[in-house]
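First up is the structure itself, then whatever we jot down about it.
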Amino acid sequence: MERRYWEDVEAASLEALKEIQTKRLRRIVADVYEKNAGYRERFETAGVRPVDIRSLDDLPKLPYLTKDDLRDYYPYGLTCAPMKEFLYVHTSSGTSGKPVVAPYTRQDLDMWAELMARGMWASGFRRDDVLHNAYGYGLFTGAHGHELGANRIGGMVIPIGAGNTRRQLTIMQDFGATALAATPSYTLYLAEVAQKSGLDPKSDFNIKFGFLGAEMWSDELKDKIEQVWGMKACEQYGLTEVIGPGVSFDCGEGNGLHVNADHFLVEVVDPQTGEPLSSGEQGELVFTTLTKEAFPVIRFRTRDLAILTEEKCACGRTLPRHSRILGRADDMIKVKGVMVFPRQIEEAIMRVDGASENYQIVKQVKGSMMGLRVLVEPTADRFPSGTLEEWAEQISREIYTVIGVHVDVEAVPPESIPRSEGKAQRVTKG
Ligand SMILES: [Zn+2]
């Protein structure tokens, strides 16, 4: 009989899981202290020694690690294994300043492959599946992580990488792809180009599921992807600083993502003050890697906002879950005194008939006030009808119901907003 979970630990009792976590936490804390002068110094500044960490409750004694801290240690300053043991290296996108450099030992790569397999197995990926891997190959973790997971299960990978969309579609059809790994925005762009060539993504392709991520996307966008492609859109969450994708995964129940908590300890904290929050409260996710060798992180602040729960999931897994990412603390825009996330605007746009997934949020500073203007492309069917002003007003009203603030919405002609082959640029400065 086929196994239900990739690994038994996914449905272990909470007590058993906590025992594994405690043992591993004590070991990793002792390890980083012994092996890395930077960590030792940080712990000493915070007045904590490895012997002070006896249980999971002692976790708050350890200092946080931020992305800026990691940049200060560029490139290998916070690594805990000799360089000769590094087999691979990835980096964060580094859109602002230096990237974070994340090397992997053999054991790290092996663990990553197992965790990717866990998540992909939960979504239904099997040996006879073929993964069209359209994440950009290179220093970014997305492509490599999914390749490792698919191969670990025994499925074939088409390492197409990013770019050349028409060729991608031909290869997807000809090579028998059944699964797609890409950003959500690129998944929809692939559909758009297919439709323009007279193809129906649903019936002219055999894509059953997508492993999508690396971008903020609303439930509404997820629904749209599922409808257009006739696929199940599965989410894989992760960050380069922690390991890449494979930190948490979608079990298909639609109740959030299971954290691979035997390898990554998760906390949720107040994004402003850093105070720990309880289950059920919205806050910033913080991760501690429990088993990574080359580049462990202790209490890394992700800036990603979500809600955590330890309630048992309908899939039978006991691994704790977090909601889909609600926004990034750094993407929050303050408009007329109200905190707004780009995702909320996307949610409102996607609710209006005739709106495509192509939109752009333009931030405009007027004196000391921040104003927002939203550009939205109608679908090709909606476009020629001559009532676009009214339609834009309808979107503006929908946005108001979600965020409680009026923003100007402008309808722009189809195909005027730039598409991306990687992460979509949703917010710009005007
Ligand atoms: Zn589940």
Side-chain angles (χ1 to χ4, degrees), residues 14 17-18 20-22 24-29 31-33 36 38-39 42-43 45-48 50 52-73 78 80 92 100 102 115 141 213-214 216 235-249 256-292 295-310 319-332 341:
L14 219 52
L17 179 65
K18 289 203 163 142
I20 297 172
Q21 290 175 325
T22 307
R24 289 180 170 174
L25 175 67
R26 290 172 63 163
R27 193 170 60 209
I28 195 75
V29 167
D31 259 11
V32 301
Y33 187 85
N36 186 287
Y39 267 119
R42 296 175 61 80
F43 286 10
T45 308
V48 59
D52 301 324
I53 309 302
R54 292 194 185 84
S55 75
L56 299 177
D57 296 338
D58 294 322
L59 199 58
K61 293 178 185 165
L62 294 163
Y64 287 127
L65 196 60
T66 65
K67 201 164 177 133
D68 284 338
D69 293 332
L70 290 178
R71 286 202 184 102
D72 292 344
Y73 290 99
L78 225 49
C80 293
S92 64
V100 173
L115 297 185
T141 53
M216 210 59 64
E235 193 163 11
Q236 299 276 330
Y237 169 77
L239 314 91
T240 307
E241 293 84 353
V242 182
I243 196 159
V247 174
S248 59
F249 63 93
L257 286 84
H258 288 281
V259 178
N260 287 312
D262 49 333
H263 293 276
F264 310 112
L265 207 52
V266 60
E267 297 171 84
V268 62
V269 306
D270 184 305
Q272 264 81 46
T273 64
E275 281 300 308
L277 299 174
S278 322
S279 280
E281 286 182 283
Q282 180 183 319
E284 178 184 348
L285 295 177
V286 173
F287 288 102
T288 295
T289 61
L290 295 173
T291 53
K292 249 170 90 190
F295 180 52
V297 290
I298 307 290
R299 302 193 86 204
F300 176 67
R301 293 187 60 161
T302 64
R303 308 303 285 149
D304 285 337
L305 304 177
I307 299 165
L308 207 61
T309 173
E310 287 187 343
L319 294 173
R321 279 169 292 145
H322 63 76
S323 63
R324 301 191 62 220
I325 303 300
L326 304 164
R328 275 185 68 73
D330 305 331
D331 288 346
M332 210 154 55
F341 286 110

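Computed over heavy atoms, backbone and side chain alike; hydrogens, waters and symmetry mates excluded.
At least one donor-acceptor pair closer than 3.5 Å links the side chain of K292 to the backbone N or O of V242. T141 places no side-chain N or O within donor-acceptor distance of the main-chain N or O of T240, the cut-off being under 3.5 Å. Side-chain atoms of D58 come within 3.5 Å of backbone atoms of R54 as a donor-acceptor pair (strictly under, hydrogens ignored). Looking only at distances, a side-chain donor or acceptor of R301 sits under 3.5 Å from a matching main-chain atom of P271. For the pair T289 (side chain) and T291 (backbone), a donor-acceptor distance under 3.5 Å is absent. Of the possible polar contacts, one joining the T302 side chain to the L285 backbone as a donor-acceptor pair under 3.5 Å is found. Between the side chain of R42 and the backbone N or O of Y64 there is at least one donor-acceptor pair closer than 3.5 Å.
Rounded to the nearest 0.5 angstrom, I28 CD1 and T288 OG1 are separated by 9.5 Å. Interatomic distance, I307 CD1 to S278 OG, rounded to the nearest 0.5 Å: 12.5 Å. Between the CD atom in E275 and the CG atom in L277 there is a gap of 8.5 Å [rounded to 0.5 Å]. Rounded to the nearest 0.5 angstrom, Y39 OH and Y33 OH are separated by 14.5 Å. Atom CD of E284 is separated from atom CG of D330 by 8.0 Å, given to the nearest 0.5 angstrom. Taken from CD1 in I325 to CG in L257, the straight-line distance is 7.5 Å, to the nearest 0.5 Å.
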_Audit row: H322, V266, side chain to side chain contact (heavy atoms under 4.5 Å, CB included) steps and yes/no_ = CA-CA 9 Å; H322 63 76; V266 60; 5.6 Å; no
*side chain to side chain contact (heavy atoms under 4.5 Å, CB included) assessment of I53 paired with L59*: CA-CA 7 Å; I53 309 302; L59 199 58; 5.8 Å; no
_Set out, in order, the CA-CA distance, both residues' side-chain angles and the distance that settles side chain to side chain contact (heavy atoms under 4.5 Å, CB included) for F295 and I243, then state yes or no._
CA-CA 9 Å; F295 180 52; I243 196 159; over 6 Å; no
_Worked check of side chain to side chain contact (heavy atoms under 4.5 Å, CB included) between L290 and Q21_ = CA-CA 7 Å; L290 295 173; Q21 290 175 325; 4.1 Å; yes
*Checking salt bridge (charged side-chain N to carboxylate O under 4.0 Å, His left out) for the pair R303/D331: CA distance, chi angles, key distance, verdict?*
CA-CA 9 Å; R303 308 303 285 149; D331 288 346; over 6 Å; no
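What you find for E281 and V268 is that their closest heavy atoms are O-CG2, 4.0 Å. Counting all heavy atoms, side chain and backbone alike, E310 lies closest to P320 at CG-CB, 4.3 Å. Closest approach of I298 to L65, counting heavy atoms only: O-CB, 3.5 Å. Scanning both residues, L115 and G246, for their nearest heavy atoms gives CB-O, 3.8 Å. G47 and D52 make their closest contact through O-OD2, 4.3 Å (heavy atoms, listed as atom of the first residue, atom of the second, distance).
R321 has its side chain out of reach of S248: every pair of non-hydrogen atoms, C-beta onward, lies at least 4.5 Å apart. Between V247 and N260, the closest side-chain pair of non-hydrogen atoms is not below 4.5 Å. In this structure, V48 and P63 have side chains that are in contact, with non-hydrogen atoms separated by less than 4.5 Å.
When each of V100, L239, V286, T66 is checked for a side-chain contact (heavy atoms from CB on, under 4.5 Å) with F300, only L239 meets the rule.
Salt bridge status for D304 with R328: present, with a side-chain N to carboxylate O gap under 4.0 Å.
The ring pair (Phe, Tyr, Trp, His ring centres under 6.0 Å) contacts involving residues 258-288 comprise F249-H258, where partners must be two or more places apart or lie in separate chains.
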